[in-house]
Protein chains: 2
Amino acid sequence: MAYTIGKLAKAAGVTLETIRYYQRKGLIEEPVKPLQGYRHYSEQTVQRLHFIKRAQQLGFTLKEINELLFLDSGHCDDVRQLAEQKLQQIEAQINSLTALHGALQDMVSGCGRAKADNRCSVIDALSQNGEK
Amino acid sequence: MAYTIGKLAKAAGVTLETIRYYQRKGLIEEPVKPLQGYRHYSEQTVQRLHFIKRAQQLGFTLKEINELLFLDSGHCDDVRQLAEQKLQQIEAQINSLTALHGALQDMVSGCGRAKADNRCSVIDALSQNGEK
DNA sequence: GTAAACTCTGGTCTATAGAACAGAGTCAAG
DNA sequence: CTTGACTCTGTTCTATAGACCAGAGTTTAC
């Protein structure tokens, strides 16, 4: 079954612009335009868009997704390596966010207490030595 | 003690461009340029740059930092509210990253096993139903 | 067969956080 | 007093992931 770009967009849950952008970036190939009429997209392309969206939800950038698509089948090791790398990035990200969360929470919890000098402990904590 | 922009940059550990960018964005004020010569920056500005950098490390965007600076002293409640909002964002972010981590890990751990059809389980998992 | 809906091309625009550059002016050291 | 280092202004550029728009062509529905 063939899709025009609008149908494709609807089927994949993206906008026309997204599709065109992906074409420009080489994430999906642009079908040749028939001399007369509009381009046709295949079911395959719907699947590929789903693939891209899922990978994106998993935190892959388009660039990384492009690599995945390029490696694709047959190079399982490479794909796994990419995934493992991403896994480490995510761990690091979680760690720093957790630290950040703790720091911010400390600040906020210091904030409620009445202070003689009428200053904000959050601001103070950020300033650390004397900003304003 | 007065700084020229280069000294200021060095003292604060940022580049000239960053300082000028912050000036454009109103995060630090641009000292009036003397008719003759270069601009002078105060120690205060060094502190403010440190403030900005710390806040940035804590995950605030420049826009949010600008709000913080604007609210600044006297409006502790507002500042705290902003911080609490950020706190929630961070929690949400950690949660989704954790979910992501689990999903990716499942994929990767399925990957080592030899597969009859020679396909990559990471790709398969992302494809979900039939991409390639 | 005409109007509405869709697609095409190509260009500009958004946000974020700066980086880089050109050409002119200024300051500091020898 | 000249050379090298620094600063100034203004503009353009980077990356990421698209959004939007105009004007022309095409298709579909009534």
Side-chain angles (χ1 to χ4, degrees), chain A residues 1-42 45-46 48-69 86 89 93 96, chain B residues 1-42 45-46 48-69 86 89 93 96:
Chain A
M1 197 231 188
Y3 299 84
T4 57
I5 194 170
K7 302 279 174 67
L8 175 63
K10 193 154 286 182
V14 298
T15 69
L16 302 194
E17 281 76 28
T18 300
I19 291 169
R20 297 208 172 106
Y21 179 69
Y22 288 176
Q23 286 174 167
R24 289 203 293 283
K25 292 288 159 175
L27 285 154
I28 58 184
E29 58 178 311
E30 186 170 358
V32 201
K33 188 191 160 192
L35 286 171
Q36 185 76 338
Y38 302 151
R39 293 191 175 75
H40 302 278
Y41 295 84
S42 67
T45 309
V46 181
R48 176 162 279 218
L49 284 170
H50 282 145
F51 175 95
I52 294 170
K53 284 189 62 182
R54 276 190 293 272
Q56 226 174 5
Q57 278 164 19
L58 290 179
F60 289 90
T61 65
L62 290 185
K63 193 177 170 190
E64 290 167 330
I65 293 170
N66 220 342
E67 288 180 66
L68 282 176
L69 289 168
K86 197 70 200 168
Q89 279 169 30
Q93 223 175 325
S96 88
Chain B
M1 199 229 188
Y3 299 84
T4 57
I5 194 170
K7 303 280 173 66
L8 175 62
K10 194 154 287 182
V14 299
T15 68
L16 302 194
E17 281 76 28
T18 300
I19 292 169
R20 297 205 173 108
Y21 180 68
Y22 288 177
Q23 285 174 166
R24 290 202 294 283
K25 292 288 160 176
L27 286 154
I28 59 183
E29 58 178 313
E30 186 169 357
V32 201
K33 188 191 159 191
L35 287 172
Q36 186 76 340
Y38 302 153
R39 294 192 174 75
H40 301 280
Y41 296 84
S42 68
T45 309
V46 182
R48 175 163 280 215
L49 285 170
H50 281 146
F51 175 95
I52 293 170
K53 283 188 62 182
R54 275 190 294 271
Q56 225 174 5
Q57 279 165 19
L58 290 178
F60 290 91
T61 65
L62 290 185
K63 192 177 170 189
E64 289 166 331
I65 294 170
N66 219 342
E67 289 180 65
L68 282 175
L69 290 167
K86 197 70 202 168
Q89 278 170 30
Q93 222 175 326
S96 88

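By convention in this document, chain letters (A, B, ...) are assigned in the order of the sequence lines, proteins followed by strands, and residues within each chain are numbered from 1.
Listed nucleotides D/dT26, C/dA20, D/dG18 differ in distance to B/E17; the shortest reach to its side chain belongs to C/dA20. With C/dT7, D/dC6, C/dA17 as the choices, the nucleotide that has an atom nearest any side-chain atom of B/L62 turns out to be C/dA17.
Here C/dA17 presents its P atom at 15 Å from CD1 of B/I28, a figure rounded to the nearest Å. Rounded to an integer number of Å, the gap from OH of A/Y21 to P of D/dC20 is 15 Å.
Side-chain nitrogen and oxygen atoms of B/T4 include at least one within less than 4.0 Å of the OP1 or OP2 phosphate oxygen of D/dT7. OP1 or OP2 of D/dG18 sits under 4.0 Å from a side-chain N or O of A/Y22. Side-chain nitrogen and oxygen atoms of B/T15 include at least one within less than 4.0 Å of the OP1 or OP2 phosphate oxygen of C/dA19. The side chain of A/T18 contributes no N or O atom lying less than 4.0 Å from OP1 or OP2 of D/dA17. For A/R20, a side-chain nitrogen or oxygen approaches OP1 or OP2 of C/dC8 to under 4.0 Å. Residue B/R39 places at least one side-chain N or O under 4.0 Å from the OP1 or OP2 atom of D/dT9.
Of the two residues near DNA chain D, B/I5 and B/R24, the one whose nearest nucleotide lies more 5' is B/I5.
Here the closest non-hydrogen pair linking A/A11 and A/Y3 is CB-CE2, 3.9 Å.
Judged by distance alone with a 3.5 Å cut-off, no donor-acceptor contact links the side chain of B/Y38 to the base of D/dC8.
In this model, no donor atom of one side chain and acceptor atom of the other lie less than 3.5 Å apart for B/K53 and B/Q56.
Contact annotation for A/K33: backbone-only contact, meaning every heavy-atom pair under 4.0 Å involves sugar-phosphate atoms and none involves a base. A/Q56 comes within contact range of the sugar-phosphate backbone alone, with a heavy-atom separation under 4.0 Å but no base atom that close.
With rounding to the nearest 0.5 angstrom, the CD1 atom of B/I28 is 10.5 Å from the CZ atom of B/R20.
Test B/L49, B/I65, B/T18, B/I19 against B/L27 for side chain to side chain contact (heavy atoms under 4.5 Å, CB included) and you get one pass: B/I65.
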